[in-house]
Amino acid sequence: MSRGPELIITEKDNAARRIADILSGETASAERMNGVNVYKWGGKRCIGLSGHVVGVDFPPEYNDWRDVEPVELIGAPVEKHPTQENIVAALRRLARRAGTVTIATDYDREGELIGKEAYELVRDVNEDVPVDRVRFSSITKREVTEAFENPDDLDFNLAAAGEARQIIDLVWGAALTRFLSLSARQLGNDFISVGRVQGPTLKLIVDREREIEAFDPEDYWELFSKLTKDANGDAESFEAQYFYLDDDGTEAERVWNEADAEEAYQTLLGVEAAEVASVNRRTRTDTPPAPFNTTQFIRAAGSIGYSAQRAMSIAEDLYTAGYITYPRTDNTVYPDDLDPRELLGAFEGDRRFKEDAESLLEQEEIEPTEGDNETTDHPPIHPTGELPSASDLTEDEWDVYELVVRRFFATVAEDAVWEHLRVVAEVEGLSLKANGKRLLEAGYHDVYPYFNSSESFVPDVEEGESLVLSDTHLDAKQTQPPRRYGQSRLIETMEQMGIGTKATRHDVIQKLYDRGYIESDPPRPTRLARAVVEASEDFAKLIVSEEMTSQLESDMLAIARGEATLEDVTEESKEMLQDVFEGLMESREELGKQLQDSLKADKTVGTCPECGGDLVVRKSRRGSYFIGCDSYPDCTYTLPLPSTGKPLIMEDSCEDHDLHHIKMLAGRKTFVHGCPLCKAEEADEEDDLVIGTCPECGEEHDGELAIKRLRSGSRLVGCTRYPDCDYSLPLPRRGDIEVTDESCEEHDLPELRITYEGDREPWELGCPICNYREYQAQQNGEGGSDLESISGIGAKTAEKLKDAGIEDVKTLKASEPDDIAAKVEGVGADTVRKWQTAAD
DNA sequence: GCAAGGTC
């Protein structure tokens with residue numbers, strides 16, 4: 001009997017392709033099966049999954065939220081079903097005729113579970129085929145070859161640990177989410193969610209907000225003087241700060257008592273010189289940073305202005321294009337077979353990195369830095385050595401790519417060395433100190449400019465030397481509340497707390513935005529978020545506590561070790577949830593009311609000037625936002641809002657009308673609208689300024705074009721016969737509009753100039769018709785494809801789609817998913833369907 | 001339609 005082909009299953013297409021290349025000596029060819037790549041060479045086939053291709057859920061009879069009491073979900077069965085039909089079908093087809101199967105999913109717990117899911121799909125169609133498992137932590141020739149020479153077995157206990165997590169997350173998450181949503185009567189798109197990871201993350205944000213609110217600022221004073229060394233006519237000055245030793249004998253700069261501060265201030269004002277009491281010099285070694293894992297990468301990208309979500313999406317594109325390694329990793333230690341010299345060598349041929357690469361290669365010894373996390377999942381994020389040419393990347397992609405390259409450079413660069421100089425001067429029993437620092441050896445800072453390496457100057461002085469004292473000033477200050485978490489700080493804290501994973505932490509933050517729990521950046525919790533956290537603290541403490549995860553982790557460890565079973569762990573967890581529900585059911589109504597009140601508070605802008613009710617942000621039937629009275633239909637008072645963006649109610653209010661200011665969130669086009677009533681009044685007070693004849697109805701009806709200000713705050717050039725004629729041309733939101741003496745011959749309209757406050761140069765907008773035409777041409781010309789407006793389509797994918805003749809969203813929507821999948825590498829029909837839905 | 005975890 002002849003054996004069928006060997007089937008290799010990986011976690012993702014990219015890994016399948018690279019492993020096929022390595023094992024085949026680059027002779028593997030790719031073919032498409034159900035829109036999925038299958039790599040083929042000799043008697044072997046290799047297919048990449050897309051992470052989990054099956055998911056857990058309750059049976060369909062539990063689908064209706066209203067029909068099923070949330071508490072019933074605790075006892076409900078949990079089923080597995082395919083979520084990526086095309087991949088599952090392809091896998092089954094291949095498995096049916098396979099002679100052996102090798103599971104080569106990622107080397108971590110979730111990878112073991114994904115491997116077991118693949119194993120079960122294989123077993124469904126082929127009872128006898130031998131299945132083994134290979135493990136490697138980076139896809140290099142050496143590791144992969146070695147792993148395939150020494151195959152192992154699947155670790156079913158480890159996979160069961162992952163399954164226990166799936167079940168517990170589903171049951172707790174779904175039961176509590178439904179309970180909160182039902183009790184507040186929030187069904188449909190605006191349901192109220194909680195979960196093991198989003199819960200504690202939200203509590204972190206809410207707790208910080210509570211600290212900020214409870215903060216009681218304290219007054220203190222700080223004193224500074226200028227000290228000048230005046231030797232041989234060369235005056236060198238520096239600022240020194242007053243300090244004293246507090247009761248514990250520790251050095252303090254803040255003076256907590258105004259009288260003491262004033263006394264010291266007067267003393268310093270009365271003197272003209274101070275004597276140097278001590279000079280301390282020391283050198284400090286500043287070691288280069290460790291290689292990037294996901295969290296540290298997000299943090300660094302954050303410091304150059306990229307949100308966590310955006311940084312990961314760009315990294316994903318760079319990875320798919322082959323320029324950087326896999327961006328989701330916990331590892332901060334390079335694998336043994338990364339040869340830094342070889343990788344540096346790849347940058348010698350590139351104009352932009354040549355100089356730095358060469359100087360690094362001149363080092364006699366190259367020993368990369370190591371971080372604290374050494375894991376088996378993937379190598380730290382580093383450039384692959386395949387370089388993009390300038391036109392391959394957008395500006396943002398280049399920024400992020402350069403960051404990854406330079407981080408790699410830094411990890412193989414030399415230490416930096418600083419010299420710290422501390423000078424203490426004394427006068428009349430008062431002490432002043434200054435700390436200078438100088439970069440003696442720039443080391444890694446030369447190749448990694450993202451850290452602050454600025455120096456502060458303090459001249460060489462000697463003990464006993466007299467310095468001129470001048471410019472003494474006393475600064476009154478106040479202690480500040482703790483700062484809100486920024487996105488990267490939040491992700492770092494989640495990592496420390498052990499919640500979420502490298503691949504999900506940034507998504508969790510996005511989810512909190514989507515659910516209406518946080519707004520703005522740095523994120524600020526809404527009233528709803530507080531109510532959800534409070535309700536959870538009162539009745540389901542575990543769901544907002546990091547302990548739920550640490551408990552789960554130790555349970556999973558026990559399962560993996562064979563010391564506990566999946567059933568033991570899930571049953572115990574369900575019993576705890578059952579107890580939680582006893583408390584919840586009793587307080588159902590009260591809880592629902594609190595959630596509803598908070599939801600309303602989140603929408604409230606202020607008090608209605610006509611009836612004293614609440615003014616709230618509403619959405620019209622056409623989908624646009626406006627402000628209306630909560631007492632509608634008894635009160636019909638409304639205020640318009642700008643048509644672009646989603647309104648955010650800001651914290652500050654208008655002094656005249658006591659209405660909260662509004663910000664319109666629209667990505668890069670975000671702007672502050674301000675007080676909606678002020679905007680409306682400004683428009684009412686401003687007369688339309690006629691500048692010419694309406695090109696559409698001028699001849700027939702004597703329509704005229706005028707510069708108008710709308711109550712929504714927008715400005716435009718529009719026909720005076722509106723609404724009978726709706727001809728209009730856009731005008732910028734900001735700046736003063738000046739009508740110049742010049743006029744456009746073609747359209748017989750005056751040219752406009754926009755002027756700004758401050759130093760900003762005026763903008764010669766010109767004829768409004770010409771200007772609008774140029775704008776439209778620009779929109780349709782370069783970057784005319786709007787494919788990238790769909791979430792999930794990056795620059796690279798858009799490029800690939802265009803190569804396949806799919807130029808824009810319209811074509812994408814009109815095409816058959818399977819056709820696109822067949823034409824475009826790495827794109828499945830399911831993905832296309834998702835894009836098509838996203839485009840609607 | 002719920003979670004969290006993969007991946008796109």
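Convention: sequence-line order gives letters A, B, ...; per-chain numbering from 1. What you see is a predicted model; the values in this text were computed from it and never measured.
- Distance L542(A) CG to dA4(B) P: 13 Å, rounded to the nearest Å.
- Closest to the side chain of L187(A), from the set dG6(B), dG1(B), dC2(B), is dG1(B).
- Within residues 45-53 of chain A, the residues having any heavy atom closer than 4.0 Å to DNA chain B are, in order of number, S50(A), G51(A), H52(A).
- Phosphate proximity of dG5(B) to R196(A): present, with a side-chain N or O under 4.0 Å from OP1 or OP2.
- Ring-base stacking between W65(A) and dG1(B) is satisfied, the centre separation being under 5.5 Å and the plane angle under 30°.
- Remark: Y517(A) pairs with no residue by the ring-ring contact (aromatic ring centres under 6.0 Å, His included) rule, at least two apart or across chains.
- Looking at the side chain of E110(A), the nearest of the listed nucleotides dG6(B), dC2(B), dA4(B) is dG6(B).
- A search for ring-ring contact (aromatic ring centres under 6.0 Å, His included) contacts involving H506(A) returns nothing, not counting sequence neighbours.
- Atoms OH (Y107(A)) and P (dG6(B)) sit 17 Å apart, rounded to a whole Å.
- If you check every strand for non-hydrogen atoms under 4.0 Å, G500(A) touches sugar and phosphate atoms only.
- Here D106(A) lies in heavy-atom contact (under 4.0 Å) with sugar-phosphate atoms only.
- Applying the 4.0 Å criterion to OP1 and OP2 of dT7(B), one finds that Q84(A) has every side-chain N and O outside that range.
- One interatomic measurement links the two molecules: CD1 of I168(A) to P of dG5(B), which rounds to 13 Å at whole-angstrom precision.
- For the pair T501(A) and F191(A), nearest-nucleotide mapping onto DNA chain B gives the more 5' position to F191(A).
- The distance between atom CG of L512(A) and atom P of dA3(B), rounded to the nearest whole Å, is 11 Å.
- On a pure distance criterion of 3.5 Å, no polar donor-acceptor pair joins the side chain of D13(A) and the base of dC8(B).
- Rounded to whole angstrom, the span from the CE atom of M312(A) across to the C1' atom of dT7(B) amounts to 11 Å.
- Taking the charged nitrogens against the carboxylate oxygens, R109(A) and E553(A) do have a contact shorter than 4.0 Å, which makes a salt bridge.
- Between I192(A) atom CD1 and dA3(B) atom C1' there is a gap of 16 Å when expressed in whole angstrom units.
- Among the protein residues, R515(A) comes within range of the sugar-phosphate backbone only, with heavy atoms under 4.0 Å from sugar or phosphate atoms but none that close to a base.
- Using a 4.0 Å heavy-atom criterion, one finds that R178(A) contacts the bases of the nucleic acid, with or without backbone contacts as well.
- Residue-environment remark: OH (Y107(A)) stays at or below the threshold of 12 foreign heavy atoms within 6.0 Å.
- Considering only side-chain N and O atoms, Y326(A) lies under 4.0 angstrom from the phosphate OP1 or OP2 of dT7(B).
- Considering only side-chain N and O atoms, Q166(A) lies nowhere under 4.0 angstrom from the phosphate OP1 or OP2 of dA3(B).
- For the pair R165(A) and D64(A), nearest-nucleotide mapping onto DNA chain B gives the more 5' position to D64(A).
- Using a 3.5 Å distance cut-off with no hydrogens or angles, the side chains of Q296(A) and T332(A) do not pair a donor with an acceptor.
- In this structure, K502(A) does not reach the dG5(B) phosphate: none of its side-chain N or O atoms is under 4.0 Å from OP1 or OP2.
- Between E163(A) atom CD and dG6(B) atom P there is a gap of 15 Å when expressed in whole angstrom units.
- More than 12 heavy atoms of other residues, nucleotides or ligands lie within 6.0 Å of NZ in K80(A), so this atom counts as buried by the packing criterion.
- OP1 or OP2 of dA3(B) sits under 4.0 Å from a side-chain N or O of S193(A).
- Neither OP1 nor OP2 of dG6(B) sits under 4.0 Å from any side-chain N or O of R328(A).
- In this entry the distance linking NE2 of H506(A) with P of dT7(B) reads 11 Å, nearest Å.
- Within 6.0 Å of CD in E572(A) there are 12 or fewer heavy atoms belonging to other residues, nucleotides or ligands.
- Checked by atom type, the side-chain pair T10(A)/R17(A) shows no donor-acceptor distance below 3.5 Å.
- For the side chain to side chain donor-acceptor pair (under 3.5 Å) with Y323(A), the qualifying choice from D317(A), D392(A), T384(A) is D392(A), the only one to do so.
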